[in-house]
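All chains are named by letter (A, B, ...) in the order of the sequence lines, taking the proteins before the strands, and each is independently numbered beginning at 1. Just so it is clear, the model here is predicted, and its values are computed rather than measured.
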2 protein chains.
Amino acid sequence: MVNMVLRLIYNGFITKFLRLGSLINTALVFWNFYCIVSIMSVSIRDVALKAGVSLGTVSNAFNRPGALAPATLKKVQKAVAELGFVPNASARTLRAGKTRVLGLVVPDISNPFFTDLSKGVNDAVLAAGYVVILCNTDESSEKEDKYLDVLTSQNVQGILITPARDSYSNLKTITDRGIGLTLVDRIAVGLEACSVGVDDAQGGALALNHLTDLGHRKILLLTGAENIPQVAEREKGIKEAIRKSSASDRPNLQTIRVDAMAAHSAEETLTKYLETNPLDFTGVICGNDLVALGAIRALRAKGIDVPGEVSVIGYDDIDFAQSASVPLTSIAQPKYQLGFAAAQLAIEECENPTKHTHQRIEFQPQLIVRSSTSPVSKKSKGI
Amino acid sequence: MVNMVLRLIYNGFITKFLRLGSLINTALVFWNFYCIVSIMSVSIRDVALKAGVSLGTVSNAFNRPGALAPATLKKVQKAVAELGFVPNASARTLRAGKTRVLGLVVPDISNPFFTDLSKGVNDAVLAAGYVVILCNTDESSEKEDKYLDVLTSQNVQGILITPARDSYSNLKTITDRGIGLTLVDRIAVGLEACSVGVDDAQGGALALNHLTDLGHRKILLLTGAENIPQVAEREKGIKEAIRKSSASDRPNLQTIRVDAMAAHSAEETLTKYLETNPLDFTGVICGNDLVALGAIRALRAKGIDVPGEVSVIGYDDIDFAQSASVPLTSIAQPKYQLGFAAAQLAIEECENPTKHTHQRIEFQPQLIVRSSTSPVSKKSKGI
DNA sequence: CATATAAATTGAAACGTTTCAAGCGATTTC
DNA sequence: GAAATCGCTTGAAACGTTTCAATTTATATG
């Protein structure tokens with residue numbers, strides 16, 4: 001009630017009130033009264049008025065409490081508490097330019113890889129008092145652009161992104177705007193940005209060498225579009241490993257690309273391939289674990305045993321890999337840590353934009369052997 | 001370059017420039033020049049200037065394009081594109097009082113149920129020009145409270161939440177603050193809020209009846225804490241279904257609760273149980289698919305065949321259910337639609353806060369039979 | 001006690017939008 | 001041909017903060 005009266009006086013309504021004659025006007029004033037009380041929120045002015053200090057002092061009470069005389073600070077805090085004042089983040093942002101909001105842009109949030117990664121980001125970010133806006137682009141560049149616009153307009157201070165494609169043109173706009181950029185699972189080439197990643201070439205090599213060690217020489221690479229950077233990088237690693245193998249016994253590699261790095265897409269693509277082609281491979285290296293699951297479904301549907309006839313190796317080592325119909329051999333990546341580290345870099349840049357120097361953190365992948373790969377069988381030898 | 005010069009003129013620097021004498025001043029101007037170009041972002045003013053129209057017109061171009069002459073609109077759009085203008089959400093919010101930001105609070109983003117749900121939310125929200133801040137509470141009430149505070153201070157217009165526990169006390173604060181609230185996968189009892197959910201009692205009944213139809217009479221319910229609303233609701237449905245069955249042939253139900261509704265937790269709990277107890281059930285109804293996967297791992301580790309000796313039924317029908325070691329029988333929920341519908345309700349409330357009436361949308365669950373359940377075997381009959 | 005210095009407080013000027021009363025031409029109506 | 005109407009456009013005011021130069025008050029110094 002005190003609050004309400006204060007507002008009336010503050011808004012100059014009391015003068016109107018004194019001049020009133022008719023009941024209608026009285027009713028009108030009370031209607032205004034009601035509106036003010038129910039719709040207007042408490043602002044820094046109200047606090048200042050109540051505490052008997054100026055606007056700047058209230059602001060200082062929040063932003064540099066040390067600069068205030070202890071008595072003043074106490075007065076202000078009392079008023080804040082009594083009025084239930086919560087600073088308006090928009091006004092604060094508009095003036096100060098700091099939002100404490102980060103954007104995280106990922107190509108596919110259904111992929112547990114990105115879920116785990118996002119958990120790492122969230123934990124790091126929450127600890128620092130920031131928030132994350134999570135954007136899922138479905139591997140579409142258009143959606144990515146749209147989300148980047150949205151994030152820009154939300155004045156996020158930093159953007160963590162796993163770009164859908166290898167073109168960084170839209171990202172330049174971000175850094176030009178002064179928004180901190182951190183590439184996740186990508187290397188920042190020609191870009192003012194930090195980056196966090198895993199040695200994908202090494203991961204590709206691990207996968208290939210595992211299969212060749214098991215005796216496989218006809219290998220299918222079932223992966224995503226060439227312009228997805230880590231797809232390309234792993235492919236490079238695989239080819240490099242092939243080149244390094246002895247010329248007399250060099251494995252043969254063919255590549256099939258799926259539309260989306262998801263189970264259903266992989267299943268469809270491989271099924272279609274098997275319908276029109278003989279089984280001409282004994283090992284499959286998949287773009288990620290979801291693709292591997294789809295591949296296994298397709299193979300099984302054709303009556304091809306995994307790993308009896310064909311070995312399948314995934315990538316990412318998602319949680320499900322061990323519960324899969326055939327527990328999946330995979331290349332593990334430190335997903336959570338990747339996200340956590342990226343968020344820390346991003347926050348560091350936000351807190352310290354001038355002194356900040358861009359850096360790259362690179363993790364190492366690890367081969368996890370389960371049941372989906374086995375030595376090449378006699379039955380398959382003929383392939 | 002054009003843009004840069006424009007800004008100089010606009011800021012009145014050109015007059016200063018004309019009056020310059022010394023080199024120092026010239027340098028100063030160029031320094032200012034540099035600052036303006038590199039730090040200031042493109043504002044509605046720049047667009048107005050470039051398009052040769054007023055501020056209001058540019059604003060209208062965004063907010064009521066119909067009110068503009070087509071030629072003017074085109075001019076503005078061209079300027080917007082060329083300058084790469086993105087409206088500043090803070091300023092917009094400050095003036096208009098709308099943030100176009102929603103919060104989504106879920107207990108476990110690693111659970112594909114919530115991933116799919118969040119996709120639905122995101123799609124609905126993006127279409128309406130909103131953004132979502134995604135918060136993952138790890139089923140912890142403390143984290144939930146913390147996130148609700150964060151969202152409040154971010155001035156979100158609405159919060160979509162699947163509360164971790166059955167206490168709604170913290171949610172009352174939200175509605176009191178005038179923030180739209182939408183309960184997801186929960187019923188809003190005694191709360192000013194919309195809600196979207198699935199008939200959980202029906203889902204529980206579906207699961208139980210499926211097992212009893214297959215002849216199972218000793219049933220284990222492996223689920224989460226009692227104070228998780230949908231856990232309780234499904235339990236109610238199960239018990240109701242038992243009560244309805246003929247007295248002579250009534251199934252027996254025992255319950256074990258897991259700490260977290262995740263695979264590893266379920267595996268651990270069931271393993272411990274099997275170590276100290278004989279196998280005294282032939283069917284397991286699980287709190288969700290993740291729990292079911294964990295349960296299957298625990299059973300297999302003990303050499304118990306699924307579904308040969310024990311049938312297992314999950315809940316949610318996550319994408320992975322069909323790729324699981326034993327393709328999972330499950331109760332499907334329209335996850336994506338749930339999220340989509342919830343977001344639509346929330347947005348409707350944001351757009352139309354006065355006229356809005358709270359409502360509940362309820363979907364129906366569906367039994368999906370795969371391989372993890374089978375008729376009770378002779379071997380198991382003795383149990 | 002006067003002065004210099006330090007500490008605390010003030011308040012006006014941004015920040016980039018939206019809103020809306022007012023203005024301006026062009027067109028229609030009498 | 002004057003008046004009324006209509007369709008676009010304009011620009012100042014406001015939203016609630018933060019910032020910072022200026023001012024006041026308190027404290028230390030000679």
Side-chain angles (χ1 to χ4, degrees), chain A residues 7 10-12 35-36 39-76 79-80 83-100 152-155 157 177-178, chain B residues 7 10-12 35-36 39-76 79-80 83-101 129 153-155:
Chain A
R7 288 231 57 127
Y10 167 65
N11 284 278
C35 286
I36 289 163
I39 293 181
M40 282 183 116
S41 60
V42 188
S43 86
I44 215 173
R45 295 194 113 85
D46 304 289
V47 177
L49 204 64
K50 174 142 200 167
V53 297
S54 74
L55 295 193
T57 302
V58 178
S59 177
N60 283 336
F62 278 88
N63 301 311
R64 32 247 266 201
L68 258 59
T72 316
L73 182 57
K74 203 160 287 175
K75 263 196 302 185
V76 174
V80 165
L83 259 36
F85 168 72
V86 178
N88 179 321
S90 306
R92 172 176 271 187
T93 298
L94 177 58
R95 175 62 233 221
K98 306 268 159 209
T99 51
R100 288 168 111 54
T152 306
S153 93
Q154 288 291 332
N155 286 319
Q157 276 187 268
R177 276 219 154 78
Chain B
R7 286 230 61 124
Y10 166 65
N11 284 277
C35 286
I36 289 163
I39 294 183
M40 282 184 118
S41 58
V42 190
S43 85
I44 215 174
R45 296 194 112 87
D46 304 289
V47 178
L49 205 63
K50 175 142 200 164
V53 298
S54 73
L55 295 193
T57 302
V58 178
S59 177
N60 283 337
F62 278 88
N63 301 311
R64 354 137 59 149
L68 259 58
T72 315
L73 182 58
K74 203 160 287 177
K75 262 196 304 183
V76 173
V80 165
L83 259 38
F85 168 73
V86 179
N88 178 321
S90 305
R92 171 177 272 188
T93 298
L94 178 58
R95 173 64 233 223
K98 309 263 161 209
T99 52
R100 294 171 167 279
V101 177
S153 86
Q154 288 291 332
N155 283 321

Where A/Arg92 and A/Asn63 come nearest, the two heavy atoms and their spacing: NH2-OD1, 3.6 Å
Qualifying residues under side chain to side chain contact (heavy atoms under 4.5 Å, CB included), relative to A/Asn155, sequence neighbours excluded: A/Thr93, A/Thr99, B/Asn88, B/Ser90
Distance below 4.0 Å between A/Thr57 side-chain N/O and C/dT10 OP1 or OP2: yes
C/dA14 C1' sits how many Å from A/Leu94 CG, rounded? 9 Å
Could you state the atom-to-atom distance from NZ of B/Lys75 to C1' of D/dT9 in whole Å? 10 Å
Within the 4.0 Å heavy-atom criterion, would you say A/Thr72 contacts the bases, only the backbone, or no part of the nucleic acid? sugar-phosphate
Tabulate protein N/O versus nucleotide N/O from nucleotides 18-27 of chain D, keeping only pairs under 3.5 Å, one per line.
| from | atom 1 | to | atom 2 | distance (Å) |
| --- | --- | --- | --- | --- |
| D/dT18 | OP1 | A/Asn63 | ND2 | 3.0 |
| D/dT18 | OP1 | A/Arg92 | NE | 2.8 |
| D/dT18 | OP1 | A/Arg92 | NH2 | 3.1 |
| D/dT18 | OP2 | A/Ser59 | OG | 2.7 |
| D/dT18 | OP2 | A/Asn63 | ND2 | 3.4 |
| D/dT18 | O2 | A/Arg95 | NH1 | 3.2 |

Protein-nucleotide distance (A/Leu49, atom CG; C/dT10, atom P), rounded to Å: 12 Å
Could you tell me the separation between the CG atom of B/Asn88 and the C1' atom of C/dA14, rounded to a whole number of Å? 14 Å
Where the side chain of A/Gln157 meets the backbone of A/Lys98, is there a donor-acceptor pair that is under 3.5 Å apart? no
Going by distance alone, is a donor N or O of one side chain under 3.5 Å from an acceptor N or O of the other, for A/Ser43 and A/Asp46? yes
Closest heavy-atom pair, A/Val42 versus A/Phe85, reported as atoms and distance to 0.1 Å, is O-CD1, 3.4 Å
Shortest non-hydrogen contact from A/Lys75 toward A/Ala51: CD-O, 3.7 Å
